[in-house]
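Reviewing the structure listed below.
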Amino acid sequence: MKDSAIGVFDSGVGGLTSVGELRRILPHENIIFLGDTARLPYGTKSPDTVHRYALEDARFLQERDVKMIIVACGTVSSVMMTKPVFDGSLPYTGVVYPAVAAAVKKTKCKRIGVIGTSATIKSGAYEQAIKDIDDSITVVTKACPMFVPLVENGYTDYGNKITASIVEDYLSVMKQERVDALIMGCTHYPHLSEFFRDYLGDKVELISSGGEAAKFARRVLEAKDLLSDRTEEGKTELYCTDSVELFSENVETFLGESKNLSISKCVLK
Ligand code: DGL
């Protein structure tokens with residue numbers, strides 16, 4: 001079990017923010033990642049559809065004998081708060097709790113912003129999780145449905161005027177409400193963090209939900225004595241459900257030129 005891979009899934013390349021952080025903090029672990037690119041975006045779908053997709057994604061990873069599952073998708077994680085995707089036979093984490101725990105620690109003025117897909121914001125999951133920890137915190141939420149297509153289509157180059165103006169439009173409420181911590185509640189969003197930093201200034205802490213989930217997963221594996229004893233570098237297997245060519249371009253942008261990495265197409269059942 002210790003040498004089994006860590007399983008990670010998302011609707012697309014956003015979950016690579018978790019994979020990148022895992023590769024950085026746990027370099028000896030094997031990782032299996034599934035990006036369900038054929039059915040992206042999840043964030044505009046109904047909770048029932050998101051739940052059905054998530055069950056298939058999780059099954060794909062479970063069939064590959066993983067030791068833990070990271071749901072590196074803010075949309076699925078939010079929907080999962082009311083409808084769990086797992087039977088509890090494996091340790092797993094979504095991104096909501098790890099991101100919220102980090103934000104509550106970071107905010108000094110007790111004003112936290114949350115951005116995410118429409119489904120995520122509609123679910124109220126982040127807001128509820130923050131209030132469960134500290135009811136006196138003001139939470140400002142904003143659905144940002146244009147961000148995922150911008151990231152998936154490569155509009156991430158710093159200085160891109162289209163992206164900058166959409167960022168300004170979505171984040172103006174965060175400026176007005178003077179939040180000092182912003183949860184990027186969709187795992188795609190850290191790919192736009194230079195734009196967020198530029199617009200909000202460096203006094204606002206940006207919290208990567210996917211990155212925090214990876215750190216949380218390390219703590220879970222440590223506590224369960226499930227970290228690998230391997231001494232050589234781990235392998236990363238990436239799977240997507242649509243064109244490998246398109247996915248590969250994004251992978252290189254987000255993970256850089258990486259060794260020990262394979263990319264294949266798969267079919268979900
Ligand atoms: N990365 C997913 C999330 O965190 C993207 C959502 C989508 O597919 O719309 O919500």
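Just so you know, ligand 1 is whichever comes first in the structure, and atom 1 is the first atom listed for that ligand.
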Cys73 near ligand 1 by a heavy-atom separation under 4.0 Å
yes
Is the closest N or O pair between [X] and ligand 1 shorter than 3.5 Å?
X: Gly43; answer: yes
X: Cys186; answer: no
X: Ser11; answer: yes
X: Thr44; answer: no

Looking at non-hydrogen atoms alone, which of Val95, Asp36, Thr117, Asp10 comes nearest to atom 6 (C) of ligand 1?
Thr117
Strictly by modelled atom types, are Tyr42 and Asp10 linked by a side-chain donor-acceptor pair under 3.5 Å?
no
How far apart are the closest heavy atoms of Ile121 and Gly116, and which atoms are they?
CD1-N, 3.7 Å
Residue, atom name and distance, where the atom is the protein heavy atom closest to atom 4 (O) of ligand 1
Gly74 N, 2.6 Å
Atom 10 (O) of ligand 1 sits nearest the protein heavy atom Thr75 OG1, 2.7 Å
Charged N-O contact under 4.0 Å between Lys110 and Asp134
yes
Passes side-chain hydrogen bond (donor to acceptor under 3.5 Å, both in side chains), Thr187 versus Ser209? Steps please.
CA-CA 6 Å; Thr187 52; Ser209 52; 5.7 Å; no
Membership question, hydrophobic clusters at under 4.5 Å side-chain separation (ILVMFWY): are Ile32 and Leu268 in the same one?
yes
Please report the interatomic distance CG(Leu182) to CD1(Ile115), rounded to the nearest 0.5 Å.
4.5 Å
